[in-house]
Undergrad: 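Can you keep this structure in mind? I'll have questions shortly.
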Amino acid sequence: MSKTVRVRFAPSPTGPLHIGGVRTALFNYLFAKKHKGAFILRIEDTDQNRYVEGAENYIVDALNWCEIPFDEGPGKEGKFGPYRQSERKHLYRQYAEQLIASGNAYYAFDSSESLDLLRKDYESKGETFIYNWHNRLKLNNSLSLNSEVVKNRLDSGESYVIRFKSPKDETLHLKDSIRGDIKIDTNILDDKVLFKSDGMPTYHLANIVDDHLMEISHVIRGEEWLPSLALHYQLYTALGWDAPEFAHLPLILKPTGKGKLSKRDGDKLGFPVFPLEWKDPRTEVLSKGYKQEGYFEKAVINFLAFLGWNPGTEQELFSLSELINAFDLEKVNKAGARFDPDKIKWFNHHYMQNQPNDELAKVFQKNHSELNDIDINYISMVIGLIKERATFITDFWSLTHYFFIAPISYDEKASKKAFKEDTKFILEDLKSTIELIDNFEAEPLKTIIKDWITTKEIGFGKVMQPLRLALVGALQGPDVFDIMFMIGKAESIKRIKKVIEKL
């Protein structure tokens, strides 16, 4: 790739960053790093009515947690700043006026009330109102009014908007890196508002101007922006600029595969749709985040990478550097990608297995006061025995509690299965055998007890099931002899004695 790659992620600070936004940021990041380019964060906050306190910080924190930090942006100023659109509003008017001067845009004075009436009139006839070539000369704008009237209206401070003058009877030939060649009939396009008399641009103008001034080489964004592609191409042409390359990512679909994934889907099915926990400052409603729910950031990123992209191999587990090397826009699908909550758990489970036991032990101990006085090396050894059964660190306590606290009750269903009339006598005999064992490591224990079972000609299950119940309180856990080794000889005997008393 000959030109310098510069991509941007441009969210609006109107709330928490949706997981779909994280996927867009990730694909931009991967593309930039693949081509030794820059990944820019631009905050598109021109609509101050929708601004939510704390949302910008949330976006930055989310990108950092996901380990896809931006190279330039708020707080990381480069030569193309500022990186908040609200701090750039002095830039946009000149380009709106340039479009008017070149005949590519015009002033429109139509009130919102008059346009609402027109929309309702069209709807009553079963039609859709579009402000463009077919009616603009009949409406209240600088194309239908003489220049003196227009000047007087502007001088008097009358409210106006600047609209793009979409051409008639033309076919636009557009190119998208994912979707290929696209043809658009300009007759179906409306004359979009670009600028308002309060000095604020709309998204369309600000977006194009900022991308140009920031020398953005590739615009990688969600499919929902595809309808804006025609206008954006036309704006580049009208302003005499080269357009960047565009790529529109497929939608992330609901788990059912029908419709776009929303927060409501997560609430309904019990999974997060945000990377981090978010407390809405307006409603105080708390929304779950993947970090707080116990997901590893690398698992989240690996999962998101496969939502719409496929490397073309059987490999599914990728490090970030491997994703960077493998990523290619040509391997991004056009069709929507179904969000599978079970698949992200699968990724988390696999990443769990690759985590060092001592690191997991530190987090586990921190989250459970019962473990404060337990040696961290012991906790680490316990985790090594059970983590293949875990998906989250929050699973650890239910899988390990019997390593730290003796059972105070025994699973009722398991007890009926394991405890028979002769169980008490078998366990008393077994306890006597265990008391004589000097080497209490797992393998010698296994050999001695299995030999004892064979000598006594007792069914294996008649010993091992009640023994496990005595140690654990349920028929679960790793190898019984590993459990006995970990809790020690004295504690093993104590637990066997306790269950004998219960019997």
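Basis for what follows: all heavy atoms, side chains included, without hydrogens, waters or symmetry-related copies. Positions are given from 1, in the same order as the sequence printed here.
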Undergrad: Between Ile178, Leu229, Val332, Ile182, which is the residue that forms a side-chain contact (heavy atoms from CB on, under 4.5 Å) with His248?
TA: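 Of the listed options, the one satisfying the test is Leu229.
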Undergrad: Determine whether Tyr106 and Asp191 satisfy the following criterion, side chain to side chain donor-acceptor pair (under 3.5 Å), listing intermediate values before the conclusion.
TA: CA-CA 10 Å; Tyr106 58 93; Asp191 292 357; 2.6 Å; yes
Undergrad: State, without any angle test, whether Ser12 and Thr14 hold a side-chain donor-acceptor pair at a distance under 3.5 Å.
TA: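 No pair is found: no donor N or O on one side chain lies under 3.5 Å from an acceptor on the other.
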Undergrad: I'd like to know if the side chain of Asn140 reaches the main chain of Ala108, judged simply by a donor and an acceptor atom lying under 3.5 Å from each other, with no hydrogens or angles considered.
TA: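 Side chain of Asn140 to backbone of Ala108: no pair is present.
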Undergrad: Verify, without hydrogens or angle tests, whether Arg163 (side chain) and Ala105 (backbone) share a donor-acceptor contact under 3.5 angstrom.
TA: no
Undergrad: Could you walk me through whether Lys254 and Asp265 pass the salt bridge (charged side-chain N to carboxylate O under 4.0 Å, His left out) check?
TA: CA-CA 7 Å; Lys254 299 172 186 285; Asp265 299 310; 3.1 Å; yes
Undergrad: Can you see which heavy atom on Arg153 is nearest to which on Ser156, and at what distance?
TA: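 For Arg153 and Ser156, the tightest heavy-atom pair comes out as O-OG, 2.8 Å.
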Undergrad: Should Asp116 and Arg119 count as an ion pair when the cut-off is N to O under 4.0 Å?
TA: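 A salt bridge links Asp116 with Arg119.
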Undergrad: Assess whether a salt bridge exists between Lys33 and Asp71, defined as any Lys/Arg side-chain N lying under 4.0 Å from an Asp/Glu carboxylate O.
TA: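 Between Asp71 and Lys33 there is a salt bridge, with a charged N closer than 4.0 Å to a carboxylate O.
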Undergrad: Flag yes if more than 12 heavy atoms outside Gln94 fall under 6.0 Å of its CD atom; otherwise flag no.
TA: yes
Undergrad: Do Asp169 and Asn187 have a side chain donor and acceptor closer than 3.5 Å?
TA: yes
Undergrad: Can a side-chain donor-acceptor contact be found between Ser369 and Asn372 if the only test is distance below 3.5 angstrom?
TA: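 No - no donor-acceptor pair under 3.5 Å links their side chains.
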Undergrad: For the pair Asn132 (side chain) and Leu189 (backbone), establish whether a donor and an acceptor sit closer than 3.5 Å, ignoring hydrogens and angles.
TA: yes
Undergrad: Do Phe27 and Phe327 have their ring centres less than 6.0 Å from each other?
TA: yes
Undergrad: Is it true that atom NZ of Lys291 has more than 12 heavy atoms of other residues, nucleotides or ligands lying nearer than 6.0 Å?
TA: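 Check fails, neighbour count at 12 or below.
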Undergrad: Could you tell me whether the side chains of Asn325 and Lys34 share a donor-acceptor contact shorter than 3.5 Å?
TA: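 Short answer, no.
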Undergrad: Restricting to non-hydrogen atoms, name the atom on Pro311 and the atom on Phe306 that form the minimum distance, rounded to 0.1 Å.
TA: CD-CE2, 3.6 Å
Undergrad: Has the side chain of Glu277 got a donor or acceptor atom that lies under 3.5 Å from a matching backbone atom of Lys288?
TA: no
Undergrad: I'd like to know if the side chain of His349 and the backbone of Ala390 have a donor-acceptor N/O pair within less than 3.5 Å.
TA: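 Answer holds: yes.
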Undergrad: So do the side chains of Val52 and Trp278 get within less than 4.5 Å of each other, counting heavy atoms only?
TA: yes
Undergrad: Does Lys343 NZ have over 12 foreign heavy atoms under 6.0 Å away?
TA: yes
Undergrad: Looking at Gly37, is its backbone amide N or carbonyl O close enough to the side chain of His35 to form a donor-acceptor pair, meaning the two atoms are under 3.5 Å apart?
TA: no
Undergrad: Would you mind checking if Asp190 and Lys192 are paired as a salt bridge, meaning a charged N to carboxylate O distance below 4.0 Å?
TA: yes
Undergrad: Do Arg282 and Glu53 sit within salt-bridge range, that is, some charged N less than 4.0 Å from a carboxylate O?
TA: no
Undergrad: Measure the spacing between CD of Gln234 and NE2 of His204 and express it to the nearest 0.5 Å.
TA: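 Gln234 atom CD to His204 atom NE2 measures 12.0 Å (nearest 0.5 Å).
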Undergrad: Without swapping roles, check the side chain of Asp45 against the backbone of Gln85 for a donor-acceptor pair under 3.5 Å.
TA: yes
Undergrad: Once rounded to the nearest 0.5 Å, what's the spacing between atom CZ of Phe364 and atom OG1 of Thr394?
TA: 10.0 Å
Undergrad: Would you mind checking if Arg6 and Glu72 are paired as a salt bridge, meaning a charged N to carboxylate O distance below 4.0 Å?
TA: yes
Undergrad: Hey, could you give me the CG/NZ distance between Asn348 and Lys298, rounded to the nearest 0.5 Å?
TA: 12.0 Å
Undergrad: Treating Thr202 as the side-chain partner and Val193 as the backbone partner, does any N or O pair qualify as donor plus acceptor under 3.5 Å?
TA: yes
Undergrad: Please determine whether a side-chain nitrogen of the Lys or Arg among Glu245 and Lys3 lies less than 4.0 Å from a carboxylate oxygen of the Asp or Glu.
TA: yes
Undergrad: I need the Ser287 OG to Asp280 CG distance, nearest 0.5 Å.
TA: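 Ser287 OG to Asp280 CG: 7.5 Å, rounded to 0.5 Å.
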Undergrad: Would you say that more than 12 heavy atoms from the other residues, nucleotides or ligands in this model lie under 6.0 Å from the CD of Glu127, or not?
TA: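 It does: Glu127 CD has more than 12 such atoms within range.
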Undergrad: State the NE2-CD1 distance between His368 and Ile374, to the nearest 0.5 angstrom.
TA: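 So the NE2 of His368 and the CD1 of Ile374 are separated by 12.5 Å.
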Undergrad: Report, as yes or no, whether the 6.0 Å neighbourhood of atom CG on Asn146 holds more than 12 heavy atoms from other residues, nucleotides or ligands.
TA: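 Atom CG in Asn146 is crowded, with more than 12 foreign heavy atoms closer than 6.0 Å.
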Undergrad: Main chain of Glu388, side chain of Gln353: is a donor-acceptor contact present, judged purely on distance under 3.5 Å?
TA: yes
Undergrad: Are Tyr290 and Phe271 near enough that their ring centres are under 6.0 Å apart?
TA: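 So the answer is no for these two rings.
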Undergrad: Work out which heavy atom in His218 is nearest to a heavy atom in Val5; give both atom names and the distance.
TA: CE1-CG2, 4.1 Å
Undergrad: Hey, would you say the Phe195 and Phe164 ring centroids sit under 6.0 Å apart?
TA: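 Judged by ring-centre distance (under 6.0 Å), Phe195 and Phe164 do not meet the cut-off.
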Undergrad: Judged by modelled atom types alone, do Ser380 and Asp358 share a side-chain donor-acceptor pair under 3.5 Å?
TA: no
Undergrad: List in chain and number order the residues that pass salt bridge (charged side-chain N to carboxylate O under 4.0 Å, His left out) with Asp395, two or more places apart in sequence or in another chain; answer none if no residue qualifies.
TA: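 Result, salt bridge (charged side-chain N to carboxylate O under 4.0 Å, His left out) vs Asp395: none returned.
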Undergrad: Distance only, no hydrogens: is a donor on one side chain within 3.5 Å (strictly under) of an acceptor on the other, for Glu44 and Tyr203?
TA: no
Undergrad: Within a reach of under 6.0 Å around NZ of Lys76, are more than 12 heavy atoms found that belong to other residues, nucleotides or ligands?
TA: yes
Undergrad: To check you understand the geometry: which heavy-atom pair defines the closest contact between Tyr58 and Pro275, and what is its length?
TA: OH-CD, 3.5 Å
Undergrad: For Phe396 and Met352, which heavy atoms make the closest approach, and how far apart are they?
TA: CZ-SD, 3.7 Å
Undergrad: Check whether the side chains of Tyr131 and Asp110 place a donor and an acceptor atom closer than 3.5 Å, and report yes or no.
TA: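 Note: Tyr131 and Asp110 side chains meet the donor-acceptor criterion.
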Undergrad: Between Asp210 and Arg8, does a salt bridge (charged side-chain N to carboxylate O under 4.0 Å, His left out) hold up when you go through it step by step?
TA: CA-CA 10 Å; Asp210 286 343; Arg8 49 68 169 179; over 6 Å; no
Undergrad: Quick one: CD1 on Ile220 to OG on Ser177, what's the gap to the nearest 0.5 Å?
TA: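 So the gap between those two atoms works out to 8.0 Å.
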Undergrad: Determine whether Val209 and Leu205 satisfy the following criterion, side chain to side chain contact (heavy atoms under 4.5 Å, CB included), listing intermediate values before the conclusion.
TA: CA-CA 6 Å; Val209 170; Leu205 180 65; 3.9 Å; yes
Undergrad: Under a 4.5 Å cut-off applied to non-hydrogen side-chain atoms, are Leu143 and Tyr107 in contact?
TA: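 Leu143 does not reach Tyr107 side chain to side chain.
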Undergrad: Between the side chains of Lys151 and Glu148, is the shortest nitrogen-to-carboxylate-oxygen separation below 4.0 Å, so that they form an ion pair?
TA: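 Answer for the salt bridge query: no.
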Undergrad: Under 3.5 Å, is there a donor-acceptor pair linking the side chains of Tyr160 and Asn141?
TA: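 No donor-acceptor contact under 3.5 Å links the two side chains.
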Undergrad: Suppose we call two aromatic rings close when their centres sit under 6.0 Å apart. Are Tyr29 and Phe39 close by that rule?
TA: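 Tyr29 vs Phe39: aromatic centres under 6.0 Å.
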Undergrad: Taking only Lys NZ, Arg NE, NH1 and NH2, and the carboxylate oxygens of Asp or Glu, determine whether Glu123 and Lys120 approach each other closer than 4.0 Å.
TA: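 Lys120 and Glu123: not salt-bridged.
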Undergrad: Can you check whether Leu172 reaches Thr186 side chain to side chain, under 4.5 Å on heavy atoms?
TA: yes
Undergrad: If we only count heavy atoms from C-beta on, is the Trp309 to Leu249 side-chain gap below 4.5 Å?
TA: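 A side-chain contact is absent here, since even the closest heavy-atom pair is not under 4.5 Å.
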Undergrad: Answer whether the closest heavy-atom distance between the side chains of Phe339 and Ile19 falls below 4.5 Å.
TA: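 The answer is yes, as the side chains (C-beta and beyond) meet within the 4.5 Å cut-off.
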Undergrad: Give a yes or no on whether the ring-centroid distance for Tyr295 and Trp65 is below 6.0 angstrom.
TA: no
